[in-house]
2 protein chains.
Amino acid sequence: MAKPRHSRFDCAPGCSVEAAISLIDGKWKCVILFHLLEGTMRFNELRRRVPAVTQRTLTNQLRELEMDGLIVRKVYAEVPPKVEYSLSELGHSMVPVLNALKEWGDLNIGRFGKAPASAITA
Amino acid sequence: MAKPRHSRFDCAPGCSVEAAISLIDGKWKCVILFHLLEGTMRFNELRRRVPAVTQRTLTNQLRELEMDGLIVRKVYAEVPPKVEYSLSELGHSMVPVLNALKEWGDLNIGRFGKAPASAITA
DNA sequence: GCCTATAGTATCAAGAAGGATACCGTCATG
DNA sequence: CATGACGGTATCCTTCTTGATACTATAGGC
């Protein structure tokens with residue numbers, strides 16, 4: 001584990017963008033973040049909300065998110081395992097980004113969702 | 001070629017985010033987009049601005065960006081090949097996203113750039 | 001005793017992304 | 001003539017990411 005993914009921030013300008021992207025680029029990261037916006041959630045709760053992701057992948061994504069400090073993982077030493085995930089302060093600071101992304105997506109999803117391209121010809 | 005990357009938009013909500021992300025997730029996409037914000041640019045001009053990327057990769061990223069309708073590729077049938085890249089209308093519509101990303105990155109790059117984590121303990 | 005839920009881990013395997021390098025044809029320059 | 005710039009393409013290779021599947025431990029319900 002402990003993949004050093006965020007190590008080369010050499011591309012001077014626009015680099016911070018790359019850095020930001022690198023934190024949410026995983027196919028599911030942003031989706032997870034979005035669901036977490038609604039509040040603290042347990043592992044299987046997340047699984048149910050994002051059925052398309054496998055357990056292993058979800059675990060991995062959560063771990064990465066945690067390593068990046070975007071979410072907080074709270075383990076309860078109870079008998080049936082209980083783990084809660086929630087957004088960290090840093091995670092919350094990303095809300096505007098998520099929203100910008102969502103707004104853009106909502107506006108434009110029709111384009112590439114239906115037409116492969118050229119829908120912009122307007 | 002023609003990789004159908006944007007085909008499963010099944011994750012109901014937050015999905016538009018995923019869609020948006022999918023367009024700029026390539027390691028260099030956002031960087032390219034950023035440079036293109038400054039105006040039309042030729043291939044080697046981009047290369048010089050992003051030296052860390054190889055020719056092949058840059059070509060690929062540009063192709064994908066083009067396929068996604070974010071940029072416009074204009075080929076001049078001149079003797080020394082001349083190709084200009086510029087943001088499309090759709091590409092411009094992404095500016096707020098790029099800016100949100102950049103702002104967040106600028107604010108937080110210090111955290112994970114230096115401290116692996118825990119910088120948020122404050 | 002058996003099944004289920006919980007939150008994972010382990011193992012195997014496949015595919016995609018990205019990098020390195022070499023090569024293409026043409027033209028202008030030295 | 002040799003070299004370099006232009007905008008790529010082709011090939012090979014390695015790494016990362018993701019997926020599928022099976023397995024763990026314990027407790028509660030039937």
Side-chain angles (χ1 to χ4, degrees), chain A residues 1-8 10-11 18 21-32 35-36 40-68 71-86, chain B residues 1-8 10-11 18 21-32 35-36 40-68 71-86:
Chain A
M1 311 301 168
K3 346 177 176 177
R5 303 191 323 141
H6 324 303
S7 30
R8 69 278 228 187
D10 39 4
C11 47
E18 216 251 293
I21 280 279
S22 76
L23 296 189
I24 51 174
D25 68 346
K27 200 149 100 200
W28 305 105
K29 299 265 187 76
C30 45
V31 181
I32 294 172
H35 284 292
L36 250 23
T40 298
M41 223 164 276
R42 296 182 61 176
F43 184 82
N44 276 3
E45 218 169 330
L46 276 169
R47 270 193 82 187
R48 269 176 242 117
R49 282 165 182 259
V50 194
V53 67
T54 61
Q55 199 168 24
R56 195 186 80 96
T57 300
L58 181 55
T59 301
N60 283 348
Q61 304 276 297
L62 286 168
R63 286 292 192 285
E64 285 184 26
L65 250 14
E66 192 199 355
M67 287 191 338
D68 290 336
I71 64 174
V72 175
R73 181 164 171 264
K74 195 170 181 182
V75 183
Y76 294 80
E78 297 180 1
V79 177
K82 179 176 174 184
V83 183
E84 281 182 351
Y85 293 93
S86 54
Chain B
M1 313 296 171
K3 345 178 178 179
R5 302 190 324 139
H6 324 304
S7 31
R8 71 279 228 184
D10 38 6
C11 47
E18 216 251 291
I21 280 280
S22 77
L23 295 188
I24 52 174
D25 69 347
K27 201 148 101 199
W28 304 105
K29 298 265 187 77
C30 45
V31 181
I32 294 172
H35 285 292
L36 249 24
T40 298
M41 224 164 276
R42 296 182 60 176
F43 185 81
N44 276 0
E45 219 168 331
L46 276 170
R47 272 192 79 187
R48 269 175 242 117
R49 282 167 182 257
V50 194
V53 67
T54 60
Q55 201 168 23
R56 193 187 80 97
T57 300
L58 181 54
T59 301
N60 284 347
Q61 303 276 298
L62 285 168
R63 285 293 193 284
E64 285 184 26
L65 249 15
E66 191 199 356
M67 288 192 335
D68 290 334
I71 62 173
V72 175
R73 181 164 173 266
K74 196 170 179 180
V75 184
Y76 295 81
E78 296 180 0
V79 177
K82 178 178 175 184
V83 183
E84 281 183 351
Y85 293 93
S86 54

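Naming convention: chains lettered A, B, ... in sequence-line order (proteins, then strands); numbering from 1 in each chain.
D:dC6 atom P lies 14 Å from atom CE of B:Met41, rounded to whole Å. For B:Arg63 and D:dG7, the CZ to P distance is 12 Å, given to the nearest whole Å. For the pair B:Trp28 CH2 and C:dA16 P, the computed distance is 22 Å after rounding to whole Å. For the pair B:Leu46 CG and D:dC6 P, the computed distance is 13 Å after rounding to whole Å. Nucleotide C:dT6 holds its P atom 9 Å from the CZ atom of A:Arg47, rounded to whole Å. Rounded to an integer number of Å, the gap from B:Leu62 CG to C:dG18 C1' is 15 Å. In this structure, B:Asn60 places its CG atom 11 Å from C1' of C:dA16, rounding to the nearest Å. In this structure, B:Lys74 places its NZ atom 18 Å from C1' of D:dC6, rounding to the nearest Å.
For the residue pair B:Arg47 and B:Leu58, the shortest heavy atom distance occurs at CG-CD2, 3.3 Å. Considering every non-hydrogen atom in both A:Ile71 and A:Glu66, the closest pair reads CG1-N, 3.6 Å. Counting all heavy atoms, side chain and backbone alike, A:Tyr85 lies closest to A:Leu36 at O-CD1, 3.8 Å. A:Met41 approaches A:His35 most closely through the heavy-atom pair CE-O, 3.2 Å.
Taking a 6.0 Å sphere around NZ of A:Lys74, one finds it holds 12 or fewer heavy atoms contributed by other residues, nucleotides or ligands.
Among the protein residues, A:Pro81 comes within range of the nucleic acid bases, having at least one heavy atom under 4.0 Å from a base atom. No contact: A:Glu45 has no heavy atom under 4.0 Å from any strand. Using a 4.0 Å heavy-atom criterion, one finds that B:Glu84 contacts no nucleic acid atom at all.
The shortest distance between the side-chain N/O atoms of A:Thr59 and the OP1/OP2 oxygens of C:dG8 is not below 4.0 Å. For the OP1/OP2 pair of C:dG19 and a distance below 4.0 Å, the side-chain nitrogens and oxygens of B:Thr57 include at least one atom meeting the criterion. B:Arg56 has no side-chain polar atom (N or O) that falls below the 4.0 Å cut-off from OP1 or OP2 of C:dA22. Look at B:Gln55 and you won't find any side-chain N or O under 4.0 angstrom from OP1 or OP2 of D:dC6. For the pair A:Arg48 and C:dA5, the criterion of a side-chain N or O lying under 4.0 Å from OP1 or OP2 is not met.
Taking for each of A:Leu58 and B:Val83 the nucleotide of DNA chain D with the nearest heavy atom, the 5'-most of the two is the partner of B:Val83.
When the nucleotides D:dG8, D:dT18, C:dG19 are ranked by their closest atom to the side chain of B:Tyr85, D:dG8 comes out on top. Each of C:dG19, C:dA7, C:dT26 was ranked by its minimum atom distance to the side chain of B:Thr54; first place goes to C:dG19.
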